[in-house]
Amino acid sequence: MLFKIIWRSFLRQTRNYIVYFLCMMTSVMIFYSFSAMTYDQPLTRRARQDIQIEGVLTLGNIVVAVVILIFMLSANQFFVQQRQKEIGLYQLFGLRKSRILYQFLVEAVVLNIVSLIVGILMGMVFSKFFAMILIKAMALDINSRFFISWPSIVTTVVMFLIALGFISVQNMLLIWQKQLIELFTQKNDFSSRRLRMHWSAYFTAGLSILLIGTGYYIAVNFNEVLGKYIQETGDSSAFLWIPLLIFALCVFGTYLFFGQGLQVLLFLIGKWRKYSYRQLRFFVLNDTRKLLQKSWRTLSLISVIVGIAISMIGGALGVFAVTFRMMELNYPVDFQVTSESAYRLEQLIQRNGGTLSQKLVLPLKVTGAQALRRNELAEQEFYSDISVVDILSEKEYQRLRHILPESPEVAIQDSNGAVLFNPMYSLNNELVSYQKKISLTKDLELDVEQSYPDFIGDNLLRYGTLLLVVKEEIYEQIEGLDYQIVYMNAHGYNQERFQQNYVTQFPTEWGNEISYHYVYQNGQLHGELETSLSEENKQLEDWHSISRLNQSSRYPNVRSARRQGGIFLYVALFVGMIVLITTASSLMVRQFFQAGREKKKYQLLQQMGIPKQNLHRTVYRQNAWIFFPPMLIAISHGSFAIYMLTQLVQDTSYWIAYLFCFITLFIFTAAYFLTTTFYLRIVEEK
């Protein structure tokens, strides 16, 4: 008899458990697939050339596991709280709390084991598909294979056993602390006083809009706000804490909005009698306000979590863009080598079936220079920076632009003018700034007319940190050491196979060392360069030595940037999808239970002669107030975060992040319509 009662109770909860089951099955499928890929030897071996893929996938698995655990505990707590009268009936029948706890544990074990088994089976089927996506994202030249990963199965089972352990402890606390009288007493968690709009509610609502609006304003004008603040205070740490401030403003504003702001909005709509007294809208508004009073924390949390998920994908794109952009700046051609290695490299390319498409021998000159460099730790202060710089004539730079077409146009106006290429120059702003005057030996003084990021290639093949482009006449006057860098582009060969031969015959080495000694006195720079330091000068402390690399290759760096960006974006997308599924499922489960509580009310309205069409509209409107506000606020938070990233990292496509906003809209809208359909079936059941 008891078993039949428990079984019927379980069947009555079928709709709720179906949502839970589908969410858990999907989560297990993704968790298993992530774990299985860490044991895919061909995949990990090929990716290990550039990144330890196992660590990134394991990190993604941990995040997925945490999200799943939070969802399981939240759903389980909700299930138990909604069945408190059922627990009271079991106690009236004479069941001990330990027996009831055992029964609830059996239900949880059975449901989660079914989800686990089906999820693992689905994971086995779809793991090959997920691996194909990862291979495509990382541009790996391998074929995905189907295999069953027994270690992944064990890992997945252990993770769920741990989750069931947490659920058991949670059930014990929820059931053990309830007295029999409490189980049959309707918990009055609704206070009509809170529906009265006091001045504090209007103040809180206004404050929520102000906080969110301030966060959005700073995000939209991030570069301007950041630049003005650093200019006024000299505090460069604002680059880190201003985004955190935006995050705090939006999170705090979101909680205040759902706590009071939405209540005020519904109250004001209710005051508009021409609107609220049509088609039971007053009933929808009043019921929605009551429901929001109970669930505003959950809706706030969902908005924040989904917003973070969208921002996380935008951040992954930004990091990938920065990494790839820096790679393009450092490696704009296939090969950069010293003049001594150029001939051997040409021979190697030809032996591997390749042909040179472009070749440029770039003459450079290294010399000493003095400039006033901004002290980033002190406000409006500069200090004298004496170092070596590389000099390139404007004529040679124009030749270089034929092989580096993305490099900026240079047209020096004054005879002593110069263009500065600075590797510490960010994609938007100069991080390490210098004053416009740069002093060289022989009383030469250059006026910097423009500054750019270092588009000239890998600066490790050069001696100086900075590179100056000057007029041909000035180039001839400068005292320094002449040297050359050879730029090459090639085609017609297998890059992966060629790279294996290249790294053995052209190992990366430091060489061509020079020594220098410069002093700046009485407004003039004095000093000298030596290719081989004399024994006498070696004893002097004010002599410095510097060397440069012998070669750099574009292909392995492109491969590394693509694979690192691909794996992080891949993990971010799948974690984001899990967040969307679990948050939408949480709202669905809550509304299903709400439908059970509202069933008698809707049937009474139907008996009063309210048309069924009007009742259906009422259900659609009430569910819309639950699903759409958190979804729209989350999309809004994420969109402004992406826009802020577009200012930090320009010339980057964020269409994947914006696509995820549309996916969020689609999933929550689909959950809304699915929930409303089942909601209507529940309230119309006899």
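Just so it is clear, the structure is predicted and the values come from calculations on it, not from any experiment. We use all heavy atoms of the structure for the numbers below, so side chains are in, but hydrogens, waters and symmetry mates are not.
Using bins of under 30°, 30° to 60° and over 60° for the plane-to-plane angle, the ring pair Phe498/Phe335 lands in the perpendicular bin. Using cut-offs of 30° and 60° on the angle between ring planes, the pair Phe506 and Tyr502 is parallel.
No side-chain donor-acceptor contact under 3.5 Å links Asn557 and Asn330. Side-chain contact annotation: Thr508 with Gln551, donor-acceptor N/O pair under 3.5 Å present. For the residue pair Asn416 / Glu445, no side-chain donor-acceptor distance below 3.5 Å is found, with atom types taken as modelled. Under the 3.5 Å distance criterion, with hydrogens and angles disregarded, a donor-acceptor pair is assigned to the side chains of Ser393 and Glu472.
For the pair Ser152 (side chain) and Ala36 (backbone), a donor-acceptor distance under 3.5 Å is present. No donor-acceptor pair closer than 3.5 Å links the side chain of Gln450 to the backbone N or O of Ala411. Of the possible polar contacts, one joining the Asp458 side chain to the Leu460 backbone as a donor-acceptor pair under 3.5 Å is found. A donor-acceptor contact shorter than 3.5 Å links the side chain of Glu449 to the backbone of Asp414. Looking at Arg548, its side chain never comes within 3.5 Å of a backbone N or O of Tyr463 through a donor-acceptor pair. At least one donor-acceptor pair closer than 3.5 Å links the side chain of Asn550 to the backbone N or O of Pro507. Put simply, the side chain of Tyr32 gets close to the backbone of Ser149: a donor and an acceptor are under 3.5 Å apart. Gln495 places no side-chain N or O within donor-acceptor distance of the main-chain N or O of Tyr555, the cut-off being under 3.5 Å. Formation of a donor-acceptor pair under 3.5 Å by the Ser407 side chain with backbone atoms of Arg401 is not found in this model. Checked by atom type and distance alone, the side chain of Asn494 pairs as donor or acceptor with a backbone atom of Arg497 at under 3.5 Å.
Here the two rings, on Phe662 and Tyr658, have centers that are 6.0 Å apart or farther.
To the nearest 0.5 Å, atom CD of residue Glu476 and atom NZ of residue Lys365 are 6.0 Å apart. A distance of 11.5 Å separates OH of Tyr475 from NZ of Lys395, quoted to the nearest 0.5 Å. To the nearest 0.5 Å, atom CE of residue Met122 and atom OG1 of residue Thr26 are 8.0 Å apart. Here the SG-CD1 distance, from Cys661 to Ile642, works out to 4.5 Å after rounding to the nearest 0.5 Å. In this structure, the separation between CG on Leu348 and OG1 on Thr504 is 8.0 Å, given to the nearest 0.5 Å. Separation of atoms CZ (Arg559) and OG (Ser553) is listed at 9.0 Å; rounding is to 0.5 Å.
In plain terms, the two heavy atoms of Pro332 and Gly457 that are nearest each other are CD-CA, 3.6 Å. Listed here is the closest heavy atom pair of Ala369 and Ile438: CB-CG2, 4.0 Å. Minimum interatomic distance between Thr465 and Asn459 (heavy atoms only, all atoms of both residues): O-ND2, 4.5 Å. Here the closest heavy-atom approach between residue Ser357 and residue Ala490 is recorded as OG-N, 3.7 Å. Here the closest non-hydrogen pair linking Pro243 and Leu240 is CD-O, 3.3 Å. For the residue pair Val503 and Gln500, the shortest heavy atom distance occurs at CG2-O, 3.3 Å.
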Tyr487 vs Gln358, side-chain contact (heavy atoms from CB on, under 4.5 Å): CA-CA, chis, key distance, verdict: CA-CA 8 Å; Tyr487 292 76; Gln358 288 180 309; over 6 Å; no

Working for side-chain contact (heavy atoms from CB on, under 4.5 Å), residues Leu468 and Leu446: CA-CA 9 Å; Leu468 292 168; Leu446 302 178; 3.8 Å; yes

CA sep, side-chain torsions, deciding dist, call: Arg554, Met327, side-chain contact (heavy atoms from CB on, under 4.5 Å): CA-CA 8 Å; Arg554 175 182 171 85; Met327 185 280 304; 4.2 Å; yes

Verdict with reasoning, Tyr518 to Gln370, per side-chain contact (heavy atoms from CB on, under 4.5 Å): CA-CA 9 Å; Tyr518 288 97; Gln370 183 274 344; over 6 Å; no

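Side-chain contact between Phe31 and Val28 is absent, with no heavy atoms from C-beta onward closer than 4.5 Å. The side-chain heavy atoms of Val389 and Thr367, taken from C-beta on, include a pair separated by under 4.5 Å. For the pair Val388/Leu529, a side-chain contact is recorded, criterion being any heavy-atom separation below 4.5 Å from C-beta on. Contact annotation: the side chain of Leu392 approaches that of Leu362 to within less than 4.5 Å [non-hydrogen atoms, C-beta and beyond]. No side-chain heavy atom of Val519 sits less than 4.5 Å from a side-chain heavy atom of Ile386. Two residues are said to be in side-chain contact when any heavy atoms from C-beta on lie closer than 4.5 Å; Tyr483 and Arg462 meet this criterion. Under the 4.5 Å side-chain criterion, counting only non-hydrogen atoms from C-beta, Phe421 is in contact with Val469. When side chains are defined from C-beta on, Arg344 does not count as touching Val337, because their heavy atoms never get closer than 4.5 Å.
The environment of CZ in Phe126 is sparse: at most 12 heavy-atom neighbours from other residues, nucleotides or ligands sit within 6.0 Å.
One finds a salt bridge joining Asp447 and Lys437 here, because a Lys/Arg side-chain nitrogen approaches an Asp/Glu carboxylate oxygen to under 4.0 Å.
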